[in-house]
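First listed ligand is number 1; within each ligand, the first listed atom is number 1. Counting from 1, the numbers follow the sequence of the chain as shown.
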Amino acid sequence: MNILLIGSGGREHGLAWKLAQSLSTKKLYAAPGNPGIAEEAQVVALDVSDHTAVVEFCKTNAIDLVVIGPEAPLVDGLADSLEWAGVPAFGPSAKAAQLEGSKGFTKDLCARANIPTGGYVRTHSLSEATEALTKFSAPYVLKADGLAAGKGVVIAANLEEAEAALADMFDGAFGDAGAQVVIEEFLEGEEASFFAITDGTHVLPFGTAQDHKQVGEGDVGLNTGGMGAYSPAPVLTEELQQRVLDEIIQPTVDSMRAEGTPYSGVLYAGLMLTASGPQLIEYNCRFGDPECQVLMTRFEGDLAALMLACAKGELAGQKANFAPETALTVVMCANGYPGTPEKGGRVDLGDAEANGAKVFHAGTTMKDGQLVANGGRVLNVTASGANVTEAKAAAYEAVAKVDFPSGFYRSDIGWKEVAREGS
Ligand code: AMP
Ligand code: GLY
């Protein structure tokens with residue numbers, strides 16, 4: 001089949017790499033792509049916010065499947081535009097993508113379907129929100145309702161900080177995303193991610209991972225899009241995975257279908273493993289970045305065929321197999337990230353891939369024949385091993401071969417699991 005992949009980050013390089021390996025892929029296009037994706041696919045200049053142009057491209061190039069990587073085009077209804085034009089798309093409709101696009105929507109759904117998650121209040125004004133704080137205790141969890149590029153969550157240590165953050169939010173700190181704010185109960189435990197693929201009815205578990213969201217070693221400092229990840233996440237035991245499927249994922253898919261907004265695509269559940277069991281922190285309607293890169297490293301099979309089955313509602317009886325090894329990725333960032341990253345810094349990969357590692361490109365571009373940084377997260381250096389300790393050693397061996405003078409990375413990705421493995 002002919003495939004068009006939408007996106008330009010490390011996640012999409014991971015997807016492009018696996019789609020290019022799929023036996024059922026004939027021709028792979030990517031828009032807008034990046035230099036790493038360009039090694040796997042024909043990169044095309046296409047304004048992905050112009051749905052008519054995307055549909056026209058699909059018709060002209062006999063595209064059989066569009067894979068939509070990032071959340072913004074999903075929330076913007078690209079999958080709907082493709083469906084109306086008769087082009088199968090991997091990714092949910094705009095209405096279903098509200099699971100990521102509106103925190104309040106998801107919380108209400110959880111309440112209706114009795115899905116375990118923290119208590120919450122949806123607020124629409126500063127006075128309403130300030131009043132609602134009295135129902136909670138510190139630390140306060142405040143979330144801009146809409147998409148805020150992963151930055152719309154504030155955990156305030158005390159009432160004063162919470163009030164100040166609410167004032168900022170209703171003052172437009174997160175733009176329209178903050179016109180509504182969800183205040184929720186603080187959940188205690190360890191975080192882990194669970195992925196599932198669904199065609200709106202059938203659910204196929206698609207692996208587990210743990211990310212490292214904070215910029216500093218030991219999980220301190222500002223939140224980022226993710227500084228490194230590994231898969232599988234041993235904390236999500238078989239038993240816990242079954243609970244997540246039964247108590248969280250399947251009821252969500254069933255409710256979405258029953259309510260007339262069937263969800264198809266990948267459902268990425270951010271979980272807190274609390275003393276009373278897994279609770280939903282948030283849903284994403286896309287693969288995690290960089291979690292996707294470690295899932296793709298382990299996935300064995302024809303990704304293109306699986307995604308098409310999903311898009312066509314034919315997931316029943318399909319399987320998803322993963323290599324038993326652990327994959328671990330280290331995100332190399334440009335100095336300044338997660339603030340304003342330095343652009344244009346030279347990046348040389350050397351022989352980083354020599355020992356079976358894979359370097360996925362996130363924010364890179366070519367300038368006068370030289371690979372340079374073009375974003376906050378620049379590379380995802382990924383390797384496998386028998387467990388997290390070994391995968392970590394292999395990944396950092398590859399990182400050491402990359403020459404990126406204006407970049408930095410965390411050197412402790414996997415630390416919690418490494419400590420458990422060593423004990
Ligand atoms: P989110 O963007 O919803 O994933 O939130 C960003 C981060 O905030 C999460 O990865 C958690 O570390 C933290 N967080 C969000 N919601 C809660 C909660 N209810 N309790 C504790 N921590 C939370
Ligand atoms: N790495 C976290 C995310 O993709 O949301």
Side-chain angles (χ1 to χ4, degrees), residues 7 9-12 14-15 69-72 74-75 99-107 110 115-121 136-157 162 165 169 174 177-178 181-195 207-215 219-231 233 266-276 278-296 329-331 333 337-338 360 362 376-377 380 410 413 416:
R11 166 181 51 218
E12 287 76 25
L15 292 172
E71 63 278 17
L74 291 166
V75 172
L99 279 181
E100 174 163 3
S102 166
K103 308 264 188 201
F105 173 89
T106 299
K107 284 294 201 180
C110 288
I115 292 168
T117 188
Y120 73 106
V121 177
F136 296 86
S137 53
Y140 297 92
V141 182
L142 317 170
K143 299 186 177 181
D145 185 76
L147 286 188
K151 298 196 172 106
V153 176
V154 175
I155 314 262
M169 284 173 154
F174 302 114
V181 173
V182 175
I183 304 178
E184 62 182 58
E185 182 191 342
F186 182 82
L187 299 172
E188 270 180 272
E190 184 160 339
E191 277 185 76
S193 305
F194 182 94
F195 296 84
T208 60
Q210 278 187 298
D211 188 16
H212 299 64
K213 291 207 175 179
Q214 283 167 295
V215 73
D219 297 334
V220 298
L222 293 174
N223 251 329
T224 70
M227 297 295 290
Y230 55 86
S231 171
V266 59
L267 192 53
Y268 155 13
L271 304 168
M272 192 69 87
L273 307 180
T274 70
S276 62
Q279 301 226 21
L280 182 72
I281 299 178
E282 59 158 6
Y283 270 133
N284 296 299
C285 61
R286 51 173 175 86
F287 282 105
D289 188 349
E291 292 93 321
C292 183
Q293 293 82 310
V294 284
L295 290 174
M296 291 304 134
T329 190
V330 178
V331 177
C333 302
Y337 182 74
F360 295 107
R377 295 187 294 167
N380 314 132
R410 272 180 63 166
I413 299 305
K416 275 193 199 144

**Asked** Okay, side chain of K143, backbone of G104: is any donor-acceptor separation there less than 3.5 Å?
**Response** no
**Item:** E188, CD: over 12 other non-hydrogen atoms inside 6.0 angstrom
**Value:** no
**Prompt:** Quick one: which ligand 2 atoms are inside 4.0 Å of a heavy atom on D211?
**Reply:** 1 (N), 2 (C)
**Complete:** Applying salt bridge (Lys or Arg N to Asp or Glu O under 4.0 Å) to R286 and not counting sequence neighbours gives E71, E100
**Request:** Before signing off on this row, confirm whether G225 and ligand 2 have an N or O atom pair separated by under 3.5 Å.
**Result:** yes
**Request:** With heavy atoms of K213 as the reference, note each atom of ligand 1 found under 4.0 Å away.
**Result:** 4 (O), 10 (O)
**Fill in**
Counting from 1 in the order shown, the ligand 1 atoms closer than 4.0 Å to a non-hydrogen atom of E191 are 9 (C), 10 (O), 11 (C), 12 (O)
**Request:** Please identify which atoms of ligand 1 are closer than 4.0 Å to at least one heavy atom of K143.
**Result:** 3 (O), 15 (C), 16 (N)
**For ligand 1, the portion of E185 having any non-hydrogen atom under 4.0 Å away** = backbone
**Message:** If you apply the rule side chain to side chain contact (heavy atoms under 4.5 Å, CB included), what do you find for N223 with V153, and how did you get there?
**Reply:** CA-CA 9 Å; N223 251 329; V153 176; 5.7 Å; no
**Asked** At a 4.0 Å threshold, what atoms of ligand 1 neighbour a non-hydrogen atom of K103?
**Response** 2 (O), 3 (O)
**Request:** Check whether any side-chain heavy atom of D219 sits under 4.5 Å from a side-chain heavy atom of H212, and report yes or no.
**Result:** yes
**Message:** Is E188 close enough to touch ligand 1? Criterion: a residue heavy atom under 4.0 Å from a ligand atom.
**Reply:** no
**Close approach, R286 and ligand 2, non-hydrogen under 4.0 angstrom** = yes
**Message:** Any nitrogen or oxygen of D289, side chain or backbone, less than 3.5 Å from one on ligand 2?
**Reply:** yes
**Message:** Out of all atoms in ligand 2, which are within 4.0 Å of some heavy atom of G288? Include the element for each.
**Reply:** 4 (O)
**Message:** Using side-chain heavy atoms (C-beta onward) and a distance below 4.5 Å, is R11 in contact with P70?
**Reply:** yes
**Request:** Check each atom of ligand 2 against the heavy atoms of E291 and keep those under 4.0 Å away; list them by number with element.
**Result:** 1 (N), 2 (C), 4 (O)
**Message:** Is it the case that the side chain of T106 and the backbone of L99 share a donor-acceptor pair, with hydrogens and angles ignored and the cut-off at 3.5 Å?
**Reply:** yes
**Fill in**
Within 4.0 Å of some non-hydrogen atom of Y268, the atoms of ligand 2 are 2 (C), 3 (C), 4 (O), 5 (O)
**Short side-chain to backbone donor-acceptor contact, E185 and F136, under 3.5 Å** = no
**Q293/V331 under side chain to side chain contact (heavy atoms under 4.5 Å, CB included): CA gap, chis, key distance, verdict** = CA-CA 11 Å; Q293 293 82 310; V331 177; over 6 Å; no
**Item:** Geometric N/O contact N223 with ligand 1, under 3.5 angstrom
**Value:** no
**Which segment of I281 sits under 4.0 Å of ligand 1 when only heavy atoms are counted** = side chain
**Complete:** Closest non-hydrogen atoms of G288 and Y268, given as atom of the first, atom of the second and distance, are CA-CE2, 3.3 Å
**Item:** Proximal atoms of ligand 1 relative to M272 (non-hydrogen, under 4.0 Å)
**Value:** 21 (C), 22 (N)
